[in-house]
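The structure appears below as structure tokens.
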Amino acid sequence: MNAQHPSTSLLEGLNDKQLEAVTLPHQSALILAGAGSGKTRVLTTRIAWLIQTGQVSPNGLLAVTFTNKAAKEMLTRLSAMLPINVRGMWAGTFHGLCNRLLRAHHREALLPATFQILDTADQLSSIKRLMKQMNVDDEKFPPKQVMGYINSCKEEGLRANAVDAYDAHSQRMREIFEEYDRQCQREGVVDFAELLLRCYELLSRDASIRQHYQSRFKYILVDEFQDTNRLQYLWLKLLAGADNCVFAVGDDDQSIYAFRGARVGNMRDFEQDFNVRNIVKLEQNYRSHGNILDAANAIITHNRNRLGKNLWTSAGKGEPIRVYQAYNDIDEANFIVDEIKSLHSEGTELSEIALLYRSNAQSRVLEHALFSAGLPYRVYGGLRFFERAEIKHALAYLRLIANPNDDTALLRVINFPTRGIGARSLEQLQEAARAEDCSLWQAAINKVGNGRPGKGVEGFVALIRQMAEEATGLTLPEMAEIATTLSGLRTHYQNEKEGEDRIANLDELISAAVTFVNNNEDAGTLTDFLTFASLEAGEHQAEVGRDALQLMTVHAAKGLEFRTVFISGLEEGLCPHEQSLYETNGLEEERRLMYVAVTRARQRLYLSHAQSRMLHGQVRYGISSRFLDEIPEALLKRLNTRASPGRGGYGESPVSQTATSSEQKNSMPWKIGQAVAHSKFGQGVVVNYEGNANDMRVQVNFGSEGMKWLMLEYAKLEKV
DNA sequence: TCCTGAGTAGTTTTT
DNA sequence: CTACTCAGGA
């Protein structure tokens with residue numbers, strides 16, 4: 001403590017609860033941090049406070065996040081608070097930290113020093129290759145499903161020998177799992193889940209390594225705790241041991257990643273297992289106006305099994321939440337465009353406006369309308385830099401320089417650019433490799449001996465050898481240059497019609513290597529760079545700089561905030577998504593998703609739904625989302641009560657084709673898409689009909705009440 | 001080896 | 001509807 005009042009300035013401006021969390025004594029704690037409650041601030045201030053008050057040195061704590069972005073944000077804020085070098089700190093993602101640990105103890109972890117990391121695409125092709133070799137029917141065992149199985153087993157902390165298999169199918173799955181792990185081990189590669197599992201196994205098996213880290217990390221801090229999976233939880237528990245304390249920050253109401261293994265239940269387990277005395281709740285929200293928070297609270301109270309939390313704000317009620325009922329998806333998009341235009345002309349920056357949707361497919365119609373209106377926008381999601389094909393090709397050459405036994409990398413480029421190695425020679429190679437139980441590279445070497453440059457496999461072996469030879473002693477950017485040029489990739493794309501962008505990306509890879517070396521004065525090896533490429537695949541492509549609207553899924557919006565938010569497609573089947581209704585607790589997760597979406601808005605929130613929308617090439621009729629009904633009417637401002645086809649695109653059809661025009665007007669006003677009310681089933685929408693004017697049945701979608709056929713003659717249906 | 005056409009599936013995503 | 005995969009022909 002060298003400054004006069006070091007902690008005063010650090011702690012200044014914190015509210016009581018935040019202060020309590022930041023200055024908790026050495027004990028495990030659970031911080032329930034609502035949306036917009038200053039979660040990141042509390043986390044970083046806690047770290048800074050611990051260091052500044054001399055309770056721990058920067059090396060004595062471990063801070064874990066889920067994304068690189070969050071880790072970077074934490075460190076940036078920290079270095080603004082304290083004059084310390086944050087470089088060497090153990091702060092990063094679960095995967096990043098496990099990687100670091102495994103590199104340091106690769107021998108004990110039974111891995112080669114230069115082990116490579118498979119991303120999801122690599123893993124899938126590795127599994128496909130294995131299944132082909134094992135003669136597994138990929139109709140009965142879809143590779144994607146097999147991958148999901150393997151990953152979820154690993155995320156539960158289970159190896160093949162530990163999983164249950166009662167029938168032939170699951171036994172076969174287990175077999176593939178086992179073989180897959182063997183294949184990875186032989187090739188010196190690990191997938192994402194393996195990074196964690198290996199690390200966990202290393203720590204549980206090796207007491208001296210475990211004790212070393214346990215005595216080092218007195219304080220462990222975890223961000224987004226509600227997103228941890230089983231294995232991550234076990235890992236934390238192991239690392240904490242009996243004496244260390246874990247500071248877990250999370251929000252059970254924002255748990256939206258169960259589908260990838262997150263267990264909200266970890267929060268309750270944590271309370272028990274870590275002897276948590278009291279839970280600190282951060283409920284004051286600094287982001288949104290009152291009406292928005294009231295709506296969010298109203299929605300989320302419909303969930304059971306919450307830890308319990310109610311957001312409040314000292315800001316005023318603010319504007320009402322605007323609700324628009326669109327005729328169809330095109331009308332909805334046009335409405336949004338019109339609103340954005342007037343917001344923009346009133347001075348709102350486009351980048352302060354977000355368009356959120358449940359599924360990516362919904363962006364198409366929005367994009368079309370925005371494009372026609374000449375409004376600039378950015379769509380989040382899609383391919384990232386290091387996932388682009390040409391980049392993966394170049395990286396595969398680099399991977400072969402680092403470790404030629406990496407079969408996945410070898411297969412990716414052995415014939416790309418084409419060098420006359422067809423399916424036949426590849427088969428021979430794989431046959432030989434299997435017979436010798438060696439890598440494809442070994443098999444290739446055995447085949448061609450010391451091979452002189454030439455065609456086919458010989459040429460490839462010579463090429464990789466030449467690359468490796470030239471690469472020794474070169475800098476990383478120079479190696480990247482070799483991988484893009486000597487490989488023939490550059491020439492290949494030069495001859496391609498639309499190869500210009502790809503060449504530009506190859507150049508970008510070299511720039512990335514330059515930046516990487518500059519940022520890592522101590523560690524700039526090839527393996528480090530390849531690890532970086534796998535673990536930090538870069539931003540989701542989206543141009544920066546220009547003032548543009550932000551389009552993204554609700555998932556992608558988590559953690560972000562905007563002045564104005566549009567949530568579109570609020571219909572049953574889309575939000576909540578129909579698939580979710582079959583999953584256990586699926587509806588509650590969808591509701592949390594809605595909660596996350598609503599709490600992104602600071603000042604203005606628009607909710608819209610369409611009576612019909614084009615989905616999978618068919619017009620679908622849906623009723624408005626139950627989540628809309630869960631918001632008190634007093635918070636809403638309905639911008640229209642009846643949707644008109646005014647700005648819609650595709651036409652409408654009256655229910656009856658046989659009816660005459662007068663009948664259509666009088667006795668037959670039931671159109672597909674007409675909102676109706678039934679005394680027993682509630683609100684619904686007409687989706688189909690049969691019969692004629694005198695004897696007509698209509699099919700009505702009553703949402704949660706299901707689909708019903710009703711005789712018009714008997715059912716007392718009212719138009720709404 | 002490359003291209004074309006048939007066939008199919010179609011939430012959410014980070015590492 | 002569309003985007004992606006895969007098999008088979010030029």
Side-chain angles (χ1 to χ4, degrees), chain A residues 64-71 92-99 117-125 128 132 138-139 142-145 148 151 154-155 190-197 199 223-224 227-229 231-232 255-262 329 356-365 368 380-384 386-387 415-424 496-497 531-540 552-559 569 573-583 586 589-590 592-594 596-597 613-620 649-650:
Chain A
V64 202
T65 62
F66 274 86
T67 66
N68 293 297
K69 199 175 155 199
T93 62
F94 279 100
H95 294 85
L97 294 170
C98 287
N99 171 65
I117 299 165
L118 300 184
D119 68 15
T120 312
D122 295 332
Q123 186 186 15
L124 186 61
S125 69
K128 280 184 183 167
K132 204 167 270 176
D138 57 6
E139 303 251 298
K144 283 214 177 95
Q145 218 166 294
N151 288 339
K154 289 186 178 183
E155 280 161 7
V190 299
D191 58 51
F192 288 133
E194 181 74 20
L195 276 174
L196 300 188
L197 185 53
C199 188
D223 191 17
E224 306 278 17
D227 289 338
T228 50
N229 62 35
L231 179 57
Q232 286 158 339
S255 163
I256 53 173
Y257 285 112
F259 70 92
R260 68 176 197 211
D329 46 351
L356 307 184
Y357 35 80
R358 172 67 238 266
S359 65
N360 286 305
Q362 287 169 254
S363 78
R364 177 176 293 282
V365 179
H368 180 77
Y380 286 78
L383 270 196
R384 297 185 298 172
F386 285 107
E387 291 168 353
N415 198 32
F416 192 94
T418 48
R419 42 179 75 88
I421 303 174
R424 209 178 39 248
E496 209 175 52
K497 275 163 284 172
T531 300
F532 167 79
S534 309
L535 251 33
E536 305 183 37
E539 281 287 293
H540 268 300
M552 63 191 87
T553 62
V554 179
H555 282 93
K558 187 167 164 227
L574 254 188
C575 181
H577 200 280
E578 58 189 347
Q579 301 275 77
S580 73
L581 301 177
Y582 305 109
E583 291 158 13
E589 175 135 327
E590 295 291 303
R592 291 192 291 267
L593 209 44
M594 182 68 185
V596 167
R613 97 169 42 240
M614 192 68 94
L615 206 63
H616 304 334
Q618 280 182 328
V619 180
R620 301 243 306 214
Y650 39 87

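Residue numbering restarts at 1 for every chain, and letters A, B, ... go by the order of the sequence lines. Since the structure is predicted, the reported quantities are computational estimates derived from the model, not experimental observations.
- Residue order along DNA chain B, read from the 5' end via each residue's closest nucleotide, puts A:G420 first among A:G420 and A:T93.
- Rounding to whole angstrom units, CZ of residue A:R260 and P of B:dT12 are separated by 13 Å.
- Taking atom CG of A:L615 as the reference point, atom C1' of C:dT2 lies 12 Å away to the nearest angstrom.
- Between the side chain of A:T120 and the base of B:dT15, at least one donor-acceptor pair of N or O atoms lies under 3.5 Å.
- The aromatic ring centres of A:H555 and A:F259 sit less than 6.0 Å apart.
- Of the possible polar contacts, one joining the A:S363 side chain to the A:N360 backbone as a donor-acceptor pair under 3.5 Å is found.
- Distance A:Q362 CD to C:dA3 C1': 17 Å, rounded to the nearest Å.
- If you take CG of A:L581 and P of B:dT11, they are 15 Å apart, rounded to a whole angstrom.
- A:N360 has a side-chain polar atom (N or O) that falls below the 4.0 Å cut-off from OP1 or OP2 of B:dT13.
- Nucleotides B:dT14 and C:dA3 place their C1' atoms 23 Å apart, quoted to the nearest Å.
- The nucleotide whose nearest atom lies closest to any side-chain atom of A:A556 is, among B:dT13, B:dT12, B:dG10, B:dT13.
- No side-chain donor-acceptor contact under 3.5 Å links A:Q362 and A:D329.
- Using a 4.0 Å cut-off between charged nitrogen and carboxylate oxygen, A:R260 and A:E155 do not count as a salt-bridge pair.
- If you check every strand for non-hydrogen atoms under 4.0 Å, A:F94 touches nothing.
- Under 4.0 angstrom from either OP1 or OP2 of B:dT15 there lies at least one side-chain N or O belonging to A:R384.
- The separation between A:E578 atom CD and B:dT12 atom C1' is 14 Å, rounded to whole Å.
- For the pair A:R364 and C:dA3, the criterion of a side-chain N or O lying under 4.0 Å from OP1 or OP2 is met.
- In this structure, A:L574 places its CG atom 16 Å from P of B:dG10, rounding to the nearest Å.
- Using P as the reference atom, B:dT12 and C:dT5 are 16 Å apart when rounded to the nearest Å.
- Electrostatic pairing of A:K69 and A:E536 does not count as a salt bridge here, judged by no charged N lying under 4.0 Å from a carboxylate O.
- The side chain of A:T553 contributes an N or O atom lying less than 4.0 Å from OP1 or OP2 of B:dT13.
- Between A:N68 and B:dT15 there is a side-chain N or O to OP1 or OP2 distance below 4.0 Å.
- Spacing of C1' atoms, B:dT11 relative to C:dC6, comes out at 25 Å, to the nearest Å.
- Judged by distance alone, with hydrogens and angles left aside, the side-chain atoms of A:D191 form a donor-acceptor pair with the main-chain N or O of A:E194 at under 3.5 Å.
- Close to B:dT1, at under 4.0 Å from its OP1 or OP2, lies a side-chain N or O of A:N415.
- Among the protein residues, A:Q232 comes within range of no part of the nucleic acid, since none of its heavy atoms lies under 4.0 Å from any strand.
- A distance cut-off of 5.5 Å between ring centres, combined with a plane angle under 30°, leaves A:H95 outside any stacking arrangement with the base of B:dT15.
- Between A:T418 and A:A361, the residue anchored closer to the 5' end of DNA chain B is A:T418, taking for each the nucleotide with the nearest heavy atom.
- In this structure, A:F259 counts as stacked on the base of B:dT12 under the 5.5 Å centre distance and 30° plane angle limits.
- The separation between A:L535 atom CG and B:dT13 atom C1' is 15 Å, rounded to whole Å.
- One can place NZ of A:K144 at 13 Å from P of B:dT12, the figure rounded to the nearest angstrom.
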